[in-house]
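Okay, so here's the structure we're looking at.
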Amino acid sequence: MKIFEFMVRLHSDDSIASTGKGLSSCKRIVEMHGGSIGAESASGKRSTFYFTLPIIDKL
């Protein structure tokens, strides 16, 4: 998904302060732990972000 790419802003105006680093950082952290991340959205509606992490047995 494009929203998880580094330094990508999906809005063109400057009314929303953003660097484009936040979601790409989340993706990198989740994937480093063997998980996945995604989002669901519809135009004009709120977005839902989700992630999964594997269950790790205790040592």
Side-chain angles (χ1 to χ4, degrees):
M1 289 183 142
K2 186 175 181 175
I3 62 172
F4 295 107
E5 293 178 15
F6 186 67
M7 300 296 284
V8 171
R9 294 179 57 176
L10 298 182
H11 43 83
S12 59
D13 61 49
D14 291 329
S15 64
I16 301 173
S18 172
T19 62
K21 297 177 188 176
L23 289 174
S24 66
S25 296
C26 293
K27 180 177 186 266
R28 187 172 178 185
I29 292 166
V30 168
E31 289 179 345
M32 283 174 39
H33 292 281
S36 63
I37 189 168
E40 295 177 355
S41 183
S43 182
K45 304 283 183 177
R46 294 181 179 194
S47 300
T48 300
F49 294 87
Y50 57 88
F51 66 93
T52 59
L53 295 172
I55 296 174
I56 298 175
D57 293 329
K58 292 181 181 181
L59 298 175

Heavy-atom closest contact (P54 atom, G35 atom, distance) = CD-N, 4.0 Å
Those residues at least two apart in sequence (or on a different chain) that pass side-chain contact (heavy atoms from CB on, under 4.5 Å) with L53 are V30, H33, F51
Please answer: with hydrophobic residues joined when any side-chain heavy atoms are less than 4.5 Å apart, are I29 and I37 in the same cluster?
-> no
